Student: 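Supplied in structure tokens, the structure appears directly below.
Note that the structure is predicted; figures quoted are calculated from it, not measured. Chain naming here is simple, since letters A, B, ... match the order of the sequence lines and numbering starts at 1 in each.
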2 protein chains.
Amino acid sequence: MSRAAKSTEHRSASAPRDIIGRGPSLADTLALRLKEEIVSGRLQPGEKLPTEQQISETYGVSRPTVREAIGRLKHDGLVVTRQGAGAFVADPSAVAVFRLEVTDFSNKEEIRNIIELLMAVEATATEHAATRRSEEDLKSIQAQLDAMEAAVERGEPGVEEDLAFHRSIVEATGNPFFRDLSDFLDRRVRNFIRTARANTARLGGMTQAVQAEHQAIFNAILRKDAPTARAAAETHLRNAAARLALYLEP
Amino acid sequence: MSRAAKSTEHRSASAPRDIIGRGPSLADTLALRLKEEIVSGRLQPGEKLPTEQQISETYGVSRPTVREAIGRLKHDGLVVTRQGAGAFVADPSAVAVFRLEVTDFSNKEEIRNIIELLMAVEATATEHAATRRSEEDLKSIQAQLDAMEAAVERGEPGVEEDLAFHRSIVEATGNPFFRDLSDFLDRRVRNFIRTARANTARLGGMTQAVQAEHQAIFNAILRKDAPTARAAAETHLRNAAARLALYLEP
DNA sequence: ATAACCAAGTTGCCTGACAAGTAGAAAATT
DNA sequence: AATTTTCTACTTGTCAGGCAACTTGGTTAT
């Protein structure tokens, strides 16, 4: 087959690449396939992956595409490559990357699980914040509390201020993992609410109650009272989850 | 410049690609560079990245390499690409991927932070496990407890059994996020201990005490007593952290 | 028997090219 | 003149082929 001819049938339906089907991108889908091979255990740790050439032929994609897919797996720590030797499935106990993907908002179960994790992380973070907060931290938290107060008085929902308030607390833990994870989960949940709200009747603020709960958390942090701070955070989160439950079981 | 000539000076010291320096791989380092541009805010959300061509010229690497780097960012949700239009910085509040990387074992601070997160997650997980565990779950947990017991009696450290015991508990929460995160953190910490131990005098098992703590956790889960389960888990984790502290402050 | 060497195989990276999609400018129509 | 249509340049997605750097196992020379 001439080069030109092959080039023309790039996307033809009968081409061998239909094996991977359509989707986000060839590399994406190929990466998913290979990942499946690994997590399912069909490819054991330490085992050598097929060569790029072989994979290329098996799945009907070019070598650069294969490289891109393997690059992803390498990025995620699932495989390690050695120039000249090959690509090998990484030892699971040595994987240094954890990846959390939250994309499917229609999956209520997943949202519930995310909220549960958020509650665990943020309650403990608040507890640590109470014992460790510096004067700066305290000032920052109070500033966000006041900003929220102002928003409430202006009659605004103050979602941005709410987020900032929580952010300033987890920041005070001094533990970037708490900060980043909490931040991520928080954003995801809020994003879910926003999309859910678009399809539902809008139900009013409750901002007064929220603000009171915030105040309770702040007071405990102010007094460096860790158990009370934790309890206040748990109450707040439980209530927030209850308000949210309206979207989860229609 | 002829093709052959350019090809020959692939790795020459004076080539423009020295901009990114050496390291894991060109794509890796380029991806890090671009990520820096984004998280630092020099590239604002929604803003268009330079074209692959431009990036290629700026950093002195080929387009496939640029594609690989951008592919990573896409994979991590930091950018979105539209064929024909370009690559754009993603809206941070819409990022659906969380990434946790724990590579630097020499960074004691990082290890401490990881342990702190592990304690938060696993304590809450144990609490949930107590209220939700099925009969199957209970049997599985007991089986792991017994296996650990047997290992102790054989005079073995039983690290594998220990890990399996914890795994069976977090499994019982029914929340895959708890399971996966806890599993990851646990493995990381144990891995740190193993590498640290190689450079230090080996200090004995303490396996008896560990086993007693495990038993306490199990008893609470058996009785579906969530608060006690949490407390027992916290005690166990605190003690484990204390044993570990020997490696953190030499 | 051991050591040095060599050749095949594999990943890492590059160039060049075409297909597919986008967006704005130019042209045609009303 | 305003609006719609068309076209063209640009950008990403993919492929093909090729050379450099490195690994590995067998072969040869000592």
Student: List for me each residue that meets side chain to side chain contact (heavy atoms under 4.5 Å, CB included) alongside B:Ser56, sequence neighbours excluded, and say none if there are none.
Tutor: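 Once residues adjacent in sequence are excluded, the partners of B:Ser56 under the side chain to side chain contact (heavy atoms under 4.5 Å, CB included) criterion are B:Val66.
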Student: Is A:Thr65 reaching over with its side chain to a backbone N or O of A:Val61, donor-acceptor style, under 3.5 angstrom?
Tutor: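 Not confirmed, A:Thr65 side chain does not pair with A:Val61 backbone.
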Student: Would you call B:Arg72-B:Asp28 a salt bridge at under 4.0 Å N-O?
Tutor: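 Here B:Arg72 pairs with B:Asp28 in a salt bridge, since their nearest N and O are under 4.0 Å apart.
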Student: Could you note down all residue pairs passing salt bridge (Lys or Arg N to Asp or Glu O under 4.0 Å) where residues 73-83 of chain A supplies at least one of them, sequence neighbours left out?
Tutor: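 Residue pairs passing salt bridge (Lys or Arg N to Asp or Glu O under 4.0 Å), neighbours aside: A:Asp76-A:Arg99.
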Student: Rounded to whole Å, how long is the line connecting atom CD of B:Gln53 with atom P of D:dG13?
Tutor: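 These atoms are roughly 15 Å apart.
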Student: Do any N or O atoms of the protein come closer than 3.5 Å to N or O atoms of nucleotides 3-9 of chain C, and which pairs are they?
Tutor:
from	atom 1	to	atom 2	distance (Å)
C:dG9	N2	A:Gly84	O	3.2

Student: What pairs with A:Glu116 under salt bridge (Lys or Arg N to Asp or Glu O under 4.0 Å), at least two apart in sequence or on another chain?
Tutor: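 Per chain and number, A:Glu116 pairs via salt bridge (Lys or Arg N to Asp or Glu O under 4.0 Å) with B:Arg132.
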Student: Any heavy-atom pair between the side chains of B:Leu181 and A:Leu100 that's under 4.5 Å?
Tutor: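 Side-chain contact under 4.5 Å: no.
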Student: If we only count heavy atoms from C-beta on, is the B:Pro50 to B:Glu37 side-chain gap below 4.5 Å?
Tutor: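 B:Pro50 does not reach B:Glu37 side chain to side chain.
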Student: So if I take residues 75-82 of chain B and measure heavy-atom distances to DNA chain D, which residues fall below 4.0 Å?
Tutor: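 Going residue by residue through residues 75-82 of chain B, the ones with a heavy atom under 4.0 Å of DNA chain D turn out to be B:Thr81, B:Arg82.
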Student: With sugar-phosphate meaning primed atoms plus P, OP1 and OP2, does A:Lys74 contact a base, only sugar-phosphate, or nothing at under 4.0 Å between heavy atoms?
Tutor: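 Touches sugar-phosphate only.
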Student: Can A:Ser106 and A:Asp104 be counted as having a side-chain donor-acceptor contact under 3.5 angstrom?
Tutor: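 Per modelled atom types, A:Ser106 and A:Asp104 side chains form a pair under 3.5 Å.
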Student: Working to the nearest 0.5 angstrom, can you tell me the gap between B:Leu244 CG and B:Phe192 CZ?
Tutor: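 Atom-to-atom, B:Leu244:CG and B:Phe192:CZ are 6.0 Å apart.
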Student: To the nearest angstrom, how far is B:Glu52 atom CD from D:dG13 atom P?
Tutor: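 Distance check: B:Glu52 CD to D:dG13 P gives 6 Å.
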Student: Rounded to whole Å, please give me the gap between CG in B:Leu73 and C1' in D:dT12.
Tutor: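 One finds 15 Å between C1' of D:dT12 and CG of B:Leu73, rounded.
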Student: Closest approach of A:Ala31 and A:Ala69, non-hydrogen atoms and distance?
Tutor: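 That closest heavy-atom pairing would be N-CB, 3.7 Å.
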Student: Within the structure provided, determine whether A:Phe88 and A:Lys48 are in side-chain contact (heavy-atom separation under 4.5 Å).
Tutor: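 Yes, at least one pair of side-chain atoms sits under 4.5 Å.
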Student: Rounding to an integer number of Å, can you tell me how far A:Ile55 CD1 sits from D:dT14 C1'?
Tutor: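 About 17 Å, once rounded to whole Å.
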Student: Considering heavy-atom distances to DNA chain D, does A:Thr65 or B:Ala87 have its closest nucleotide positioned more toward the 5' end?
Tutor: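 Final value for this comparison: B:Ala87.
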Student: If you go through the side-chain atoms of B:Arg63, does one of them form a donor-acceptor pair with the base of C:dG16 closer than 3.5 Å?
Tutor: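 In this structure, the two groups form no donor-acceptor pair.
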Student: Report each atom pair, protein N/O against N/O of nucleotides 7-9 of chain D, whose distance is under 3.5 angstrom.
Tutor:
none

Student: In whole angstroms, how far is the P atom of D:dC22 from the CZ atom of A:Phe88?
Tutor: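 Distance check: A:Phe88 CZ to D:dC22 P gives 17 Å.
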Student: Report the distance from atom CZ of A:Arg67 to atom C1' of C:dT15, rounded to the nearest whole Å.
Tutor: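 My rounded result for the distance is 15 Å.
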Student: Side chains of B:Ile55 and B:Arg63: closer than 4.5 Å at any heavy-atom pair?
Tutor: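 No - every pair of side-chain heavy atoms lies 4.5 Å or more apart.
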Student: Give the rounded distance in Å between these two atoms: CG of A:Leu49 and P of C:dT11.
Tutor: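 Computing the A:Leu49:CG to C:dT11:P distance gives 9 Å.
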Student: For A:Pro64 and for A:Ile70, find the nucleotide of DNA chain C with the closest heavy atom, then tell me which residue's nucleotide is more 5'.
Tutor: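 Nearest-nucleotide comparison on DNA chain C picks A:Ile70.
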Student: For B:Glu68 and D:dT12, give me the distance from atom CD to atom C1', rounded to whole Å.
Tutor: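 Nearest whole value for this atom pair: 16 Å.
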